[in-house]
Amino acid sequence: MKRELGRYKMGLCFSDKLRMNRESPPPDVVRVFVEYTEGGNHMTAEQLRRFLVEVQGETEVLVSDAEKIIERVTNERHHITKFLRHSLNLDDFLSFLFSDDLNHPVVSKVHQDMASPLSHYFIYTSHNSYLTGNQINSECSDVPLIKALKRGVRALELDLWPNSTKDGILVRHGWAWTPPVELIKCLRSIKDYAFSASAYPVILTLEDHLTPDLQAKAAEMMKEIFMDMVYFSESGDLKDFPSPEDLKDFEKEKDSEESDVSGKTSSEDVSADDEKFEETSEAKEEKDGGSDKESSKMDLLTYSRMILIPSGNARNGLKEALTFDNDGIRRLSLREQNFKKATEMYGTQVIEFTQKNLLRIYPKATRVTSSNYKPFSGWMYGAQMVAFNMQVKWWMWIRQKPDFMMNKGPDGEVFDPKAKLPIKTTLRVKVYMGKGWDSGFQRACFNTWSSPNFYTRVGITGVRGDRVMKKTKKEENTWEPFWDEEFEFQLTVPELALLRVEVHDYNMPEKDDFLGQTCLPVAELRQGTRSVPLYDRKGERLVAVTLLMRFQFA
């Protein structure tokens, strides 16, 4: 049996008889359908609206919205009679509940306050964003940059090196065997796709190995490609970060596209297997829109003027690196093991640093397969830029940090993620069933002599007191597993908690096979019965593979 990152080659046969389809929806779904149709066989638009408001918690839904849902579902399910149908039968209702587009599990619209300084937000950040695979010999390309931006990544990293003749600029991973890509190709792709998933700023972090002449050439490339999209401070020194909303509405000439690029060059010697490199980060903010006056200002911009955020380093120790001047802002980059040491020795100081400044954490050099560390260890200390190897997985866009992470108590105390805290809320999660797995997992090769035995793991990633993992029973011999099991999670810091959902195939005595996953921020969960999509280890959506789950807070 050959594994392929959660998918498996097709087996020859199964000895057990497979159960393909259930005859009825979960009892809870039947009950609520009967309740809101008052015992009828069809749900009208008004009845659907009441269900969405009273059960799903969607208070702003109108009858016209419910009518659009009915039209969408009936168009997909009843092609011939769609113009005669203005209501949902029970199967239609279940189909609606399983719809990713119509019944997604998290809030999809920006609803948070985006007017605070950039340091008040968690930012979806990519590490070595140009690599197509491992950190040693995979190809460098603009394709991973495009994929990352389409996923909503808001911070990208480019490593800049001279070409062999020292007259051009390449993007590649230094001290490795990664075939390079030209910088200009990467910049053009970033411009084209920067706002395909989000209208908020894009941060470029540059690891700079260029001569002064090539730095000037890089500046000319950026001015030519980004033009007046680049954000810069006219005064030269920022006392505080602009907000995501400020950057989005930069100049207010156009309201649909923007980005940003960050940082000041900083030398930071980092040892890993006796390897040393100089890391240089830059950040610039890009926004579509501007005037002839702004364009003339861009002509005067040099490489150093494009550098927005002064960068600190840990050369003189972590404690000094975490100190900061109240009259200015800066960014600090730490490798994951240095960050762990910093939190163990100076935990509250890390929190204080991130209240005003940007902290970026990146994977250690030994993660040559592009694996990732646990990002929550950074988020719970306020690190805004937890850099992922995007070749593998994870989520976020720009998300506001909770108020308690940005404020101090009456005696100057700050949030301590290691402290024992009282229970703030209880989350009840019910796992009903899976759907579409016969097609979504059709290339899977389970045990040759037995059919799939699915189970789901559900748990919380969060502060120490909230972490827990539970699992359903095994559903044997079926492509449409049905569990109907409920779990309860008592949460002390729900604002930082993530709900983890994993699907596995029970395959004893061999190790269970991982099949799919998702990770949902608890603070963004929508109550009620929801369709939960699943993703593979690389973070790619598993087509048609869905879980039906219910979320309730008490």
Side-chain angles (χ1 to χ4, degrees), residues 18-37 43 48 51-52 54-58 69 73 77 88-106 426-441 451-460 468-489 499-506 515-520 522 524-535 541-554:
L18 279 171
R19 292 180 286 119
M20 296 302 295
N21 297 294
R22 285 187 51 81
E23 294 182 358
S24 62
D28 286 352
V29 173
V30 176
R31 176 187 55 78
V32 79
F33 182 84
V34 170
E35 177 182 347
Y36 280 86
T37 61
M43 180 177 283
L48 177 59
F51 164 78
L52 294 173
E54 298 171 8
V55 178
Q56 305 292 83
E58 301 176 27
I69 292 174
V73 174
R77 288 179 51 81
L88 302 177
N89 62 29
L90 179 57
D91 289 337
D92 295 334
F93 181 61
L94 181 63
S95 179
F96 156 67
L97 293 178
F98 264 112
S99 171
D100 289 353
D101 295 337
L102 300 175
N103 194 37
H104 40 274
V106 294
T426 297
L427 170 65
R428 294 192 180 98
V429 177
K430 194 162 190 178
V431 185
Y432 287 118
M433 61 185 293
K435 186 176 181 181
W437 294 13
D438 54 330
S439 59
F441 291 142
S451 53
N453 303 310
F454 296 117
Y455 68 91
T456 298
R457 298 180 74 228
V458 183
I460 297 293
V468 64
M469 207 70 185
K470 304 177 181 182
K471 66 179 182 179
T472 66
K473 63 181 181 295
K474 299 188 300 293
E475 259 290 80
E476 299 179 347
N477 310 333
T478 179
W479 285 109
E480 288 196 356
F482 181 85
W483 295 285
D484 203 30
E485 292 188 51
E486 187 171 71
F487 304 96
E488 185 172 288
F489 303 99
L499 179 67
R500 290 176 55 197
V501 181
E502 299 175 1
V503 171
H504 294 258
D505 173 44
Y506 183 79
L515 298 177
Q517 66 182 350
T518 194
C519 190
L520 306 171
V522 169
E524 304 294 323
L525 281 178
R526 305 169 79 201
Q527 75 174 47
T529 301
R530 300 291 176 179
S531 172
V532 178
L534 295 173
Y535 301 81
R541 173 76 167 90
L542 293 171
V543 179
V545 178
T546 310
L547 277 172
L548 190 65
M549 302 178 68
R550 187 183 70 195
F551 309 112
Q552 292 179 315
F553 291 93

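Contact check for Lys430 versus Asp28: side-chain heavy atoms found under the 4.5 Å cut-off. Considering only heavy atoms from C-beta on, Thr472 comes within 4.5 Å of Phe487 through its side chain. Between Val106 and Phe551 the shortest side-chain heavy-atom distance does not fall below 4.5 Å. With contacts defined as side-chain heavy-atom distances shorter than 4.5 Å, the pair Thr426/Glu488 qualifies. A 4.5 Å side-chain heavy-atom check between Arg550 and Glu486 finds at least one atom pair inside the cut-off. Using a 4.5 Å heavy-atom cutoff, the side chains of Ile69 and Leu52 are in contact. Val55 places none of its side-chain heavy atoms less than 4.5 Å from the side chain of Thr529. Two residues are said to be in side-chain contact when any heavy atoms from C-beta on lie closer than 4.5 Å; Leu525 and Leu427 meet this criterion.
With rounding to the nearest 0.5 Å, the separation of CZ in Phe33 from CE in Met43 is 5.5 Å. Distance check: Trp483 CH2 to Tyr432 OH gives 14.0 Å after rounding to the nearest 0.5 Å. Atoms NZ and CG, from Lys435 and Leu547 in turn, are 13.0 Å apart once rounded to the nearest 0.5 Å. Separating the CE atom in Met469 from the CD1 atom in Ile460 is a distance of 9.0 Å, to the nearest 0.5 Å. Between atom CG of residue Leu88 and atom CG of residue Leu97 there is a gap of 9.5 Å, rounded to the nearest 0.5 Å. Between Asp92 atom CG and Leu48 atom CG the span is 11.0 Å, to the nearest 0.5 Å.
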Go through the steps for Lys470 and Val429 under the test side-chain contact (heavy atoms from CB on, under 4.5 Å), then give the verdict.
CA-CA 11 Å; Lys470 304 177 181 182; Val429 177; over 6 Å; no
Between Val545 and Leu515, does a side-chain contact (heavy atoms from CB on, under 4.5 Å) hold up when you go through it step by step?
CA-CA 10 Å; Val545 178; Leu515 298 177; over 6 Å; no
Carefully, step by step, assess Leu94 and Leu548 under the rule side-chain contact (heavy atoms from CB on, under 4.5 Å).
CA-CA 10 Å; Leu94 181 63; Leu548 190 65; 4.0 Å; yes
Worked check of side-chain contact (heavy atoms from CB on, under 4.5 Å) between Thr37 and Phe93:
CA-CA 11 Å; Thr37 61; Phe93 181 61; over 6 Å; no
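Nearest heavy atom pair, residue Gly516 against residue Leu542, reads CA-CD1, 3.9 Å. When every heavy atom of Val532 is checked against every heavy atom of Met549, the shortest pair comes out as CG2-SD, 3.7 Å. Counting all heavy atoms, side chain and backbone alike, Cys519 lies closest to Arg500 at SG-CG, 4.3 Å. Here the shortest heavy-atom pairing between Phe482 and Pro27 reads CZ-CD, 3.9 Å. Across Ser531 and Asp100, no two heavy atoms sit closer than the pair OG-OD1, 2.7 Å. Taking all atoms of both residues into account, the shortest heavy-atom contact from Gly528 to Gln56 is CA-OE1, 3.1 Å.
Ionic pairing of Glu524 and Arg530 is not present here: no N-O contact between side-chain nitrogen and carboxylate oxygen is shorter than 4.0 angstrom.
Glu485 places no side-chain N or O within donor-acceptor distance of the main-chain N or O of Val431, the cut-off being under 3.5 Å. In terms of modelled atom types and a separation under 3.5 Å, the side chain of Asp505 and the main chain of Asn453 share a donor-acceptor contact. A donor-acceptor pair is defined here as one N or O able to donate and one able to accept, closer than 3.5 Å; no such pair exists between the side chain of Arg526 and the backbone of Gly57.
Ring pair Tyr455/His504 is parallel by interplanar angle, where below 30° counts as parallel and above 60° as perpendicular. Relative ring orientation between Phe96 and Phe51 is described as perpendicular, the plane-to-plane angle rising above 60° on a 0-90° scale split at 30° and 60°.
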